[in-house]
Structures are given as C-alpha cells and as structure tokens.
Amino acid sequence: MVTAFYRLFYDTIKGGDYRARESNVYRLSEVSNNIIDQCVAQGVPFAREYGGSLENRSLAAPRFRVRSFARGQTGKQLLLGSYGALSRQIKLGTVKLYDRHEMMDVVIIDGKARGIIARDLITGKLERHFGHAVVIATGGYGMVFYLSTNAMGSNTSAIWQIFKKGAYFANPVFTQIHPTCIPVHGDYQSKLTPDERKSAQ
Ligand SMILES: Cc1cc2nc3c(=O)[nH]c(=O)nc-3n(C[C@H](O)[C@H](O)[C@H](O)COP(=O)(O)OP(=O)(O)OC[C@H]3O[C@@H](n4cnc5c(N)ncnc54)[C@H](O)[C@@H]3O)c2cc1C
C-alpha cells in the first residue's frame with residue numbers, strides 16, 4: 001500500500017534529483033504532519049478544499065500531490081507565521097532577541113560549544129553570550145554571488161568560523177541561485193513572454 005508517508009518521502013527524494021540525504025528526508029516525512037499542524041497553529045493560511053481540509057498539490061516535486069501551499073506566497077506566509085510566533089515569545093519574555101548583531105566567533109570550553117562572540121552592528125561593540133548549547137542557524141552563503149536574495153549576513157562568515165572550530169561541513173554545492181534573482185535578459189528566459197514584457201513597459 002502506498003502511504004502518505006511513502007509518497008512524501010519518494011517525492012522529496014525524486015524532487016531533489018536523488019541527491020538529498022535519505023535519513024533526513026525520512027525524518028522530514030515522519031514529522032511533516034506535525035510541522036504543518038504547527039504552522040497552521042501559528043496562523044499560516046494554507047489553501048483548503050471547500051470541505052475545510054488542506055488542499056495538496058504537486059509543487060516543484062514531480063509525482064504526487066503532497067505539498068501544502070498558500071497561493072503563490074507560501075514562503076512569505078511561513079515567514080510571517082514563524083515571525084509572529086517568535087514575537088509572541090519575545091513579548092512573553094521567554095526569548096530575548098538581539099537584532100542587528102553578527103556572530104563573530106564561537107566559544108569552545110572543554111571541547112564543547114558554550115557561547116558566541118557577537119558584534120553589535122549599530123555600535124560596533126563586541127559582546128559575549130554564554131549558553132549551555134549553541135545552535136547555529138545561519139543558513140547558506142548565497143551572498144558570495146553577485147545575485148542573491150539571501151540576507152546580507154549570509155556570506156560564509158559564520159560557517160567559516162565554526163568550521164575552523166571543528167564543526168562538520170557538508171554539501172557546499174547546495175547553494176541556490178533562485179530564478180527569481182535573474183534579471184530578464186532575453187526572449188528565451190521563461191519569465192514574462194515578449195508580449196507581457198512589452199505591456200509591462
Ligand atoms: C528566492 C528564494 C525562494 C525560495 N523558495 C522556496 C520555496 O518555495 N520552498 C522552499 O521550501 N524553499 C524555498 N527557498 C529555500 C528556503 O528559503 C531556504 O532553504 C531557507 O529559508 C533556509 O533557512 P535557514 O533558516 O537555514 O537560513 P536563512 O533563512 O538564510 O537564515 C539564516 C539567517 O542567519 C543570519 N546570519 C548569517 N550569518 C550570520 C552571522 N554571522 N551572525 C548572525 N546572523 C547571521 C542571516 O542574516 C539570516 O537571517 C527559497 C529560497 C530563495 C532564496
């Protein structure tokens with residue numbers, strides 16, 4: 001029997017050109033329902049059937065209709081949902097946000113990551129932050145390329161710092177240049193048709 005779990009696993013592996021790490025995709029498939037439930041609880045307005053259940057489509061992935069979506073705004077709506085939930089925790093006092101800060105280095109004590117050194121990008125002041133554990137979530141490094149919609153800080157600084165201190169580093173080839181970054185340069189680029197472009201001018 002083809003289960004929903006199998007469909008998502010298979011489709012994600014195929015959609016990733018068989019390059020994704022299978023154990024990670026397996027785990028993603030296992031917890032995907034919980035992830036969608038959490039996003040819904042955070043207010044993400046996924047598309048729904050008239051009966052109220054979540055609508056699924058085969059977006060980007062080739063075979064099965066397994067993707068939830070929010071019109072053409074899925075990424076933006078996920079961002080708004082998670083940012084809203086984060087803001088709530090900041091107000092409740094469970095999270096302290098340091099915006100406009102750049103991590104400069106990770107502090108290792110007895111072989112374990114126990115904090116970071118960060119720079120306040122407004123005042124230039126260096127700060128120490130201690131933690132029992134350190135999670136690095138600094139994304140990819142698209143800003144090394146001329147065209148990128150990544151955050152300005154996504155420039156390898158954090159990756160390089162932690163790699164030097166012994167963190168594992170894998171798959172540097174997975175750096176995305178997204179088609180939406182590329183300015184239209186000719187009629188063969190599938191963006192707007194020549195007629196659409198003329199009427200947009
Ligand atoms: C145009 C575009 C469209 C996409 N569309 C989709 C889609 O439809 N579906 C999909 O699944 N994925 C999509 N993706 C991919 C997806 O958005 C990314 O894989 C995902 O956002 C990565 O999340 P992340 O938290 O790992 O990193 P990021 O979201 O990049 O977050 C990293 C953060 O770390 C910060 N940072 C970096 N270095 C430092 C430092 N030294 N100190 C402090 N902070 C630092 C950055 O400022 C940034 O805020 C898209 C990506 C792009 C660019």
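Only a predicted model underlies this, so the values are computations on that prediction, with no experimental measurement involved. All values below were derived from every heavy atom in this structure, side-chain atoms included, with hydrogens, water molecules and symmetry-related copies excluded. When a ligand or atom number is given, it counts from 1 through the structure's own listing order.
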Ligand 1 N/O within reach of A151 N/O, cut-off under 3.5 Å: no

Proximal ligand 1 atoms for G153, defined as those under 4.0 Å from one of its heavy atoms: 37 (C), 38 (N)

For A113 against V106, the heavy-atom pair lying closest together: CB-CG2, 4.1 Å

Proximity of A137 to ligand 1 by residue part, where a heavy atom lies under 4.0 Å: backbone

Contact list for residues 114-127, test salt bridge (charged side-chain N to carboxylate O under 4.0 Å, His left out), sequence neighbours left out: none

Check: G140 N/O within less than 3.5 Å of ligand 1 N/O: no

Set of residues satisfying side chain to side chain contact (heavy atoms under 4.5 Å, CB included) with respect to T156, sequence neighbours excluded: Y141, V144

For G139, atoms of ligand 1 separated by under 4.0 Å from a heavy atom: 26 (O), 27 (O), 30 (O), 32 (C)

Distance-only donor-acceptor check, side chains S82 and Q42, under 3.5 Å: no

Common cluster, V107/M104, ILVMFWY with side-chain heavy-atom separation under 4.5 Å: yes

Residue part near ligand 1, for H101, under 4.0 Å between non-hydrogen atoms: backbone

Atoms of ligand 1 close to M103 [distance to a heavy atom under 4.0 angstrom, numbered from 1]: 40 (C), 41 (N), 42 (N), 43 (C)

Test item, S157 contacting ligand 1 (heavy atom, 4.0 angstrom): yes

Charged N-O contact under 4.0 Å between K164 and D105: no

